Amino acid sequence: MDAHATPYETTVRDIGTYEDKMVTLKGWLYNKRSSGKIMFLILRDGTGIVQCVVSKGEVGEGLFSRLDKLSQESSLIVQGLVRKDPRAPGGYELAVTECEIVSEAFDDYPISLKEHGAEFLLDHRHLWIRTPRQRNVLLIRSEIIKACRDFLHNEGFVNVDAPIMTPAACEGTTTLFPVEYFGEQAYLSQSGQLYNEAAIMSLGKVYCFGPTFRAEKSKTRRHLTEFWMVEPEAAFMGFEEMLRLEERMVCYIVEHILNNCEHLLREIGRDVERLKEITPPFPRLTYTEAVDLLRRKGMDISWGDDFGAPHEAAIASEYTKPVFVAHFPTQIKAFYMQPDPDNPDTVLGADLLAPEGYGEIIGGGERIHDYTLLLERIKQHNLPMEDYEWYLDLRRYGSVPHSGFGMGIERVVAWICGLEHVRETIPFPRMINRLRP
RNA sequence: UCCUCGAUAGCUCAAUGGCAGAGCAUCCGGCUGUUAACCGGAGGGUUGCAGGUUCGAGUCCUGCUCGAGGAGCCA
């Protein structure tokens with residue numbers, strides 16, 4: 001192939017299929033290493049990173065010196081010959097014949113290839129996401145979301161989306177973000193569950209997938225104020241059936257990521273062998289068994305206490321797979337939880353705790369379907385009756401047993417990627433003291 | 001809201017109460033196979049803010065601001 005042939009337009013990902021052919025690549029200058037007469041431009045294009053070799057003899061004095069002055073993150077259209085070379089990272093490199101500088105970047109690009117602190121990186125999140133590691137995490141997030149949707153559609157679930165602006169608390173527990181709504185007080189949604197319960201009476205099996213908002217002043221590596229949740233809900237689905245659905249869904253996601261993103265995981269240093277152990281069935285504990293386990297481990301907890309983060313961590317550390325903790329005491333759970341017929345002091349609710357210290361990734365359960373009992377619980381919890389009339393309608397007109405759960409996407413991404421903090425799992429994290437960029 | 005820790009060059013960090021420094025980045029120069037390239041040179045500072053102790057404070061004390069980790073709450 002001679003250098004004057006019309007080049008193929010391609011991407012770094014596919015460059016191997018164009019060995020010894022002329023191609024053009026469009027991207028950004030990630031790094032540059034330069035010698036007197038030979039220069040290495042490290043180009044990234046969104047699909048990968050490739051080394052472009054520029055020799056003064058090949059491109060001439062003029063282009064060589066212009067490229068030699070090029071600043072980090074300048075945008076380029078590079079033309080050259082694809083060569084296989086063991087010295088090149090990735091195995092292939094581009095022998096540059098021509099290069100068009102699309103836009104020369106200012107020479108003070110803040111993200112260097114050296115280490116930076118969390119605050120600095122978050123202040124520059126709009127640029128930080130260009131780095132290979134952040135790109136990989138966002139790609140894996142995208143694939144996890146795709147896997148959730150594929151799985152649920154394969155299982156016959158219909159996507160219905162719940163409103164973001166709502167008149168009242170879903171559970172009346174966590175702090176909500178207030179929004180002024182034409183003179184009325186509204187709140188950003190903290191869950192789509194109640195609306196899902198309406199939708200299943202129309203469609204049978206549904207899920208919503210959207211952002212949720214909690215104004216809690218949490219300052220931990222597991223919390224965001226704006227996070228994404230997938231919430232499946234199904235009519236006639238019992239508690240046991242729901243647990244098996246959760247198990248299949250988590251395994252499907254992990255399998256999808258191992259099949260499609262294993263190289264991305266390895267690049268960011270994830271031990272993929274730990275993920276290969278994620279197969280059904282998941283271990284199960286009742287709340288009562290979990291309390292016994294914690295007491296045997298010397299922790300100070302009594303039956304009826306809610307679990308804190310250290311308790312969850314202690315339970316999860318006993319297993320290499322996610323573990324269900326089920327049948328919590330009624331008094332520490334939400335008003336809509338269905339009592340366990342075998343033990344009315346507990347509910348048909350379960351949390352799924354991820355391994356390796358990532359904590360709760362799913363919370364769910366069977367909902368109360370009896371009108372009288374639900375009415376009683378709404379009164380017990382002092383919830384504003386007028387806001388729940390429509391919810392009670394669902395029990396007045398053809399109520400059926402039903403169950404559902406919510407899975408926090410960022411926590412799943414953090415677990416699968418093996419990240420220290422959920423702030424890296426979402427393009428632009430919102431936290432207690434971070435609204436920008 | 002509480003507990004713990006921190007804040008020094010654009011970035012990451014060092015400096016026994018005694019001259020404010022290094023690496024990277026930037027700019028200038030050198031180098032034909034670099035791998036977070038390397039070598040030489042230059043510029044770059046209200047040590048978070050306000051007080052205090054001291055002959056002398058980046059360093060010690062008080063208050064404040066901002067941040068990090070954790071708790072509570074949760075997915």
Side-chain angles (χ1 to χ4, degrees), chain A residues 30-42 49-59 64 68-69 71-73 83 85-90 93 95 105-124 127-128 131-133 170-171 173-176 190-193 211-231 246 305-313 332-334 351-354 358-364 405-415 420-423 425-426 431-434:
Chain A
Y30 175 64
N31 195 14
K32 182 182 68 190
R33 291 182 282 272
S34 145
S35 179
K37 297 190 175 102
I38 189 167
M39 174 166 45
F40 302 90
L41 303 176
I42 313 303
I49 289 186
V50 72
Q51 166 170 295
C52 305
V53 186
V54 188
S55 74
K56 194 181 271 186
E58 180 72 27
V59 302
F64 189 90
D68 199 25
K69 290 193 183 74
S71 46
Q72 190 187 358
E73 290 299 314
R83 285 194 309 226
D85 192 314
R87 292 171 293 184
E93 63 182 18
F106 290 24
D107 63 16
D108 57 351
Y109 187 70
I111 313 272
S112 74
L113 275 57
K114 296 281 182 176
E115 286 173 15
H116 297 288
E119 186 186 9
F120 178 83
L121 289 169
L122 286 166
D123 284 342
H124 297 87
L127 304 174
W128 186 23
T131 61
R133 180 182 172 84
C170 168
E171 306 179 10
T173 51
T174 58
T175 319
L176 303 175
Q190 58 156 350
S191 165
Q193 179 202 320
T212 50
F213 306 87
R214 308 222 172 145
E216 289 290 341
K217 294 192 173 181
S218 298
K219 265 177 67 77
T220 82
R221 63 183 71 185
R222 301 183 306 281
H223 289 87
L224 300 170
T225 53
E226 177 180 308
F227 65 97
W228 287 69
M229 193 154 63
V230 56
E231 294 177 275
E246 289 182 26
D305 294 344
D306 205 354
F307 294 147
H311 302 116
E312 281 187 3
I332 58 170
K333 283 292 171 181
D351 290 347
L352 184 66
L353 309 181
Y358 284 92
E360 183 180 348
I361 52 172
I362 291 180
F405 63 90
M407 186 177 82
I409 293 301
E410 287 76 17
R411 287 189 182 174
V412 172
V413 176
W415 164 48
E420 284 293 310
H421 200 300
V422 290
R423 66 189 166 209
T425 66
I426 188 166
M431 293 175 287
I432 173 172
N433 39 28
R434 176 145 317 260

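Computed from a predicted structure; not experimentally measured. Letters A, B, ... mirror the listed sequences (proteins, then strands); counts begin at 1. What you see below is based on every heavy atom in this structure, not just the backbone, and it leaves out hydrogens, waters and symmetry mates.
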Exercise for the section: Have a look at A:Arg83 and say if it touches a base, only the backbone sugar-phosphate, or nothing, with a 4.0 Å heavy-atom cut-off. Expected result: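 Base contact - A:Arg83 has a heavy atom under 4.0 Å of at least one base atom.
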Exercise for the section: Tell me what A:Gln51 touches on the nucleic acid: a base, only sugar-phosphate, or nothing, going by heavy atoms under 4.0 Å. Expected result: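 The answer is base, as A:Gln51 lies within the cut-off (heavy atoms under 4.0 Å) of a base atom.
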Tell me, please, which residues at least two apart from [X] pass salt bridge (charged side-chain N to carboxylate O under 4.0 Å, His left out).
{"X": "A:Glu312", "result": "none"}
{"X": "A:Lys56", "result": "A:Glu61"}
{"X": "A:Asp85", "result": "A:Arg87"}

Atom pairs under 3.5 Å: protein N/O with N/O of nucleotides 69-71 of chain B:
| from | atom 1 | to | atom 2 | distance (Å) |
| --- | --- | --- | --- | --- |
| B:rG69 | OP1 | A:Arg423 | NH1 | 3.0 |
| B:rG69 | OP1 | A:Arg423 | NH2 | 3.3 |
| B:rG69 | O3' | A:Arg221 | NH2 | 3.0 |
| B:rG70 | OP1 | A:Arg221 | NE | 2.0 |
| B:rG70 | OP1 | A:Arg221 | NH2 | 2.7 |
| B:rG70 | OP2 | A:Arg221 | N | 3.1 |
| B:rG70 | N7 | A:Lys219 | O | 3.1 |

Problem - pi-stack flag for A:Phe227 and B:rA75, centroid dist under 5.5 Å, interplanar under 30° - result: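 Stacked: ring centres under 5.5 Å, planes under 30°.
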Exercise for the section: Could you measure between the two C1' atoms, the one in B:rG43 and the one in B:rG10, and give it in whole Å? Expected result: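 Those two atoms are separated by 13 Å.
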Exercise for the section: Counting heavy atoms from C-beta on, name the nucleotide in B:rG67, B:rC74, B:rU12 closest to the side chain of A:Glu312. Expected result: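 When the side chain of A:Glu312 is considered, B:rC74 is the closest of B:rG67, B:rC74, B:rU12.
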Practice task
Among B:rG33, B:rC74, B:rC31, find the nucleotide with the atom closest to the side chain of A:Asp306.
Solution key: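 Looking only at heavy atoms from C-beta outward on A:Asp306, the closest nucleotide is B:rC74.
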Contacts under 3.5 Å, N or O only, protein and nucleotides 38-46 of chain B:
none

Problem - Stem segments of RNA chain B by first residue number [Watson-Crick or G-U, under 3.5 Å, at least 3] - result: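 Stems for RNA chain B, defined as runs of 3 or more consecutive pairs: B:1-7 with B:65-71, B:10-13 with B:21-24, B:26-30 with B:38-42, B:48-52 with B:60-64.
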Problem - A:Phe120 and A:His116 aromatic ring geometry - parallel, tilted or perpendicular at 30°/60° bounds - result: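 Plane angle under 30°, so parallel.
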